[in-house]
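For this chain, numbers begin at 1 and follow the sequence in order.
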Amino acid sequence: MPGHRSITEAEKLAQAKLGGIAIRREQMAAVANIYRAAATVRHHLENSVLRGSDLTWTAFVVLWVVWVWGESETRHIAEEAGISKGTLTGVARTLESRGLLRRADHPSDGRLVLLRLTDEGEAFMREVFPAFNEEEAFVTSQLSDEECRGLADGLRRVVLQVEERGEERRRELLGGAEPAPRRSGRRAKG
């Protein structure tokens with residue numbers, strides 16, 4: 001891939017750049033590798049098993065969330081998938097046009113929308129997920145089962161740290177101020 005640096009090259013460049021700066025290197029490496037591993041695995045899965053199904057990573061995650069949770073409100077699906085409600089709207093329309101997902105009005109609150117898999121969506125996930133899981137096994141094949149459990153546990157603790165203490169930390173860092181609202185397509189000034 002043009003412009004692609006190996007993880008070893010990236011680590012050497014970061015070390016050279018940060019050599020004289022007092023930082024917590026192990027924590028930096030952990031977070032950098034969480035990001036790099038997630039991006040690498042996502043790219044591999046999109047260009048292997050998901051390509052054959054003509055799905056993006058985001059579309060697959062939406063299908064997975066609805067498959068596992070069952071019929072759910074769009075706001076909960078967007079949050080669990082790590083996407084905006086606007087992004088979910090576009091993804092849901094695409095999946096609905098393919099016959100994999102169905103929208104429904106909430107029975108008691110007309111402002112809310114529910115999503116559920118169609119029978120075709122259920123069949124699709126039962127067919128595609130085993131192939132997806134085979135690729136999960138491929139990308140972790142250099143790790144033993146015990147190492148996979150340890151990695152999963154460590155990453156789970158990272159997620160829990162942010163879920164349980166992140167808001168308090170954000171307020172502390174911002175001196176109690178609310179974060180700037182996100183503006184689509186614009187970068188924050190500063």
Side-chain angles (χ1 to χ4, degrees), residues 1-11 29-104 106 112-163:
M1 174 171 15
H4 176 75
R5 296 190 192 276
S6 73
I7 191 168
T8 305
E9 291 171 304
E11 288 170 344
V31 171
N33 286 334
I34 287 169
Y35 172 78
R36 191 171 188 113
T40 300
V41 169
R42 176 181 176 157
H43 186 265
H44 173 75
L45 289 167
E46 279 188 324
N47 285 301
S48 60
V49 70
L50 297 180
R51 180 173 292 228
S53 301
D54 194 27
L55 283 180
T56 64
W57 174 266
T58 303
F60 178 78
V61 170
V62 168
L63 287 173
W64 167 260
V65 169
V66 178
W67 190 42
V68 170
W69 285 17
E71 185 175 65
S72 301
E73 292 178 19
T74 54
R75 62 185 169 156
H76 298 303
I77 296 166
E79 183 178 329
E80 184 64 21
I83 59 176
S84 70
K85 289 189 285 184
T87 298
L88 177 60
T89 298
V91 170
R93 282 187 183 133
T94 299
L95 294 172
E96 190 174 27
S97 74
R98 290 183 60 183
L100 301 174
L101 204 62
R102 180 165 295 132
R103 296 173 192 263
H106 192 280
L112 301 177
V113 175
L114 301 171
L115 297 179
R116 69 177 173 85
L117 292 185
T118 61
D119 291 343
E120 294 84 6
E122 286 281 342
F124 180 83
M125 287 302 289
R126 287 185 193 283
E127 179 184 324
V128 170
F129 186 73
F132 186 90
N133 183 247
E134 279 302 312
E135 288 310 299
E136 290 175 319
F138 168 77
V139 300
T140 58
S141 64
Q142 299 245 348
L143 303 173
S144 68
D145 286 351
E146 184 177 330
E147 289 170 319
C148 284
R149 282 189 295 276
L151 176 62
D153 180 60
L155 293 172
R156 185 175 188 278
R157 286 185 281 147
V158 168
V159 170
L160 286 172
Q161 171 68 6
V162 175
E163 285 180 352

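Between the side chain of Thr40 and the main chain of Ala38, no donor-acceptor pair closer than 3.5 Å is present. Within the 3.5 Å criterion, the main-chain N or O of Ile77 finds no donor-acceptor partner in the side chain of Ser72.
In this structure, Leu95 and Ala59 approach most closely via the heavy-atom pair CD1-O, 3.9 Å. Heavy-atom minimum distance, Cys148 versus Thr140: SG-CB, 3.9 Å. The two residues Ser48 and Glu135 make their nearest non-hydrogen contact at OG-CG, 4.0 Å. Contact between Val66 and Leu101 at its shortest, heavy atoms only, is CG1-CD1, 4.1 Å. The two residues Ala81 and Val65 come nearest to each other via the heavy atoms N-CG2, 4.4 Å.
A donor-acceptor pair shorter than 3.5 Å cannot be found between the side chains of Glu146 and Ser144.
Distance CZ/Arg75 to CG/Leu88: 13.0 Å, rounded to 0.5 Å. The NZ atom of Lys85 lies 10.0 Å from the NE2 atom of His76; values are rounded to the nearest 0.5 Å. Put simply, CD on Glu71 and CG on Leu115 are 8.5 Å apart, with the number rounded to the nearest 0.5 Å. The distance from the CD atom of Glu122 to the CZ atom of Arg116 is 9.5 Å, given to the nearest 0.5 Å. We find the OG1-CD distance between Thr74 and Glu79 to be 11.5 Å, quoted to the nearest 0.5 Å.
The shortest side-chain heavy-atom distance between Glu147 and Gln142 does not fall under the 4.5 Å cut-off. Under the 4.5 Å side-chain criterion, counting only non-hydrogen atoms from C-beta, Thr94 is not in contact with Thr56. Glu136 has its side chain within reach of Asn133: a pair of non-hydrogen atoms, C-beta onward, lies under 4.5 Å apart. Using a 4.5 Å heavy-atom cutoff, the side chains of Val62 and Ile83 are in contact. The shortest distance between side-chain heavy atoms of Leu50 and Arg42 does not fall below 4.5 Å. No side-chain heavy atom of Glu134 sits under 4.5 Å from any side-chain heavy atom of Val49. Counting heavy atoms from C-beta on, the side chains of Phe124 and Leu55 come closer than 4.5 Å. Between Thr89 and Arg103 the shortest side-chain heavy-atom distance falls below 4.5 Å.
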Q) After noting the C-alpha distance and the side-chain angles of Leu160 and Glu163, does the key distance pass the side-chain contact (heavy atoms from CB on, under 4.5 Å) rule? A) CA-CA 5 Å; Leu160 286 172; Glu163 285 180 352; 3.8 Å; yes
Q.
Quick one, Trp67 with Phe129, criterion side-chain contact (heavy atoms from CB on, under 4.5 Å). Give me CA distance, side-chain angles, the key distance, then yes/no.
A. CA-CA 11 Å; Trp67 190 42; Phe129 186 73; 3.9 Å; yes
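Applying the salt bridge (Lys or Arg N to Asp or Glu O under 4.0 Å) criterion to Arg98, with sequence neighbours excluded, gives no partner residue. In this structure Asp153 satisfies the salt bridge (Lys or Arg N to Asp or Glu O under 4.0 Å) test together with Arg157, sequence neighbours excluded.
Atom CG of Asp119 is surrounded by 12 or fewer heavy atoms from other residues, nucleotides or ligands within 6.0 Å.
Below 30°, between 30° and 60°, or above 60°: for Trp57 and Phe60 the angle between ring planes is between 30° and 60°, a tilted geometry.
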